[in-house]
Amino acid sequence: MQPDRITRTEYAAELNRLNTRREELEEQESTLVSHDHGGGLPHDEQNRLARVRGELADVLQEIGDLKDRVADGALGD
């Protein structure tokens with residue numbers, strides 16, 4: 001089955017959006033981790049960190065999926 005076609009402009013815009021979100025999430029992760037000074041994070045921050053890491057994993061998967069889609073011939077003009 002052929003993947004849905006995507007224009008170069010759409011691909012660039014989507015990749016840019018995903019990379020921007022990835023950077024935001026990495027910054028959030030870094031900030032949360034920096035609050036741990038050897039004693040562990042409070043429960044609320046542990047939950048936030050888990051959510052951020054989960055969303056980051058999803059965004060990284062979306063980036064990979066988008067690149068795979070283009071590699072499979074979905075890129076058009």
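Just so you know, residue 1 is the first one in the sequence shown, and it goes up from there. All values below were derived from every heavy atom in this structure, side-chain atoms included, with hydrogens, water molecules and symmetry-related copies excluded.
Taking both residues in full, the closest heavy atoms of Ser34 and Thr31 are given as OG-O, 2.7 Å, listed atom of the first, atom of the second, then distance. Nearest heavy-atom pair, Leu41 versus Leu32, reported as atom, atom and distance to 0.1 Å: CD2-O, 3.4 Å.
A side-chain donor-acceptor contact under 3.5 Å links Arg5 to the backbone of Leu75. Remark: the backbone N or O of Arg48 is not paired with any side-chain donor or acceptor of Arg53 at under 3.5 angstrom. Not one N or O on the side chain of Glu45 forms a donor-acceptor pair closer than 3.5 Å with the backbone of Pro42. A donor-acceptor contact shorter than 3.5 Å is absent between the side chain of Ser30 and the backbone of Glu26.
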Report the C-alpha distance between Arg69 and Asp65 in whole Å, list the side-chain angles of each, state the deciding distance to 0.1 Å, and finish with yes or no for side-chain contact (heavy atoms from CB on, under 4.5 Å). CA-CA 6 Å; Arg69 183 174 161 200; Asp65 290 348; over 6 Å; no

Steps toward salt bridge (Lys or Arg N to Asp or Glu O under 4.0 Å) verdict (Arg21, Glu55): CA-CA 10 Å; Arg21 185 64 184 142; Glu55 189 174 345; 2.7 Å; yes

Check the pair Glu24 / Thr20 against side-chain contact (heavy atoms from CB on, under 4.5 Å), numbers first and verdict last. CA-CA 6 Å; Glu24 292 168 353; Thr20 298; 3.8 Å; yes

Where do Glu62 and Leu66 land on the side-chain contact (heavy atoms from CB on, under 4.5 Å) test, with the steps shown first? CA-CA 6 Å; Glu62 287 180 54; Leu66 181 61; over 6 Å; no

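Here CG of Leu18 is found 10.0 Å from CZ of Arg22. Values are rounded to the nearest 0.5 Å. Separating the CZ atom in Arg8 from the CG atom in Leu15 is a distance of 13.5 Å, to the nearest 0.5 Å. Separation of atoms CD1 (Ile63) and CZ (Arg17) is listed at 9.5 Å; rounding is to 0.5 Å. Rounding to the nearest 0.5 Å places CD of Glu14 at 11.0 Å from OG1 of Thr7. Remark: Asp72 CG to Asp68 CG distance equals 6.5 Å, nearest 0.5 Å.
Leu25 places a side-chain heavy atom less than 4.5 Å from the side chain of Gln28.
Side chain to side chain, Asn19 and Glu23 fail the donor-acceptor criterion of an N or O pair below 3.5 Å.
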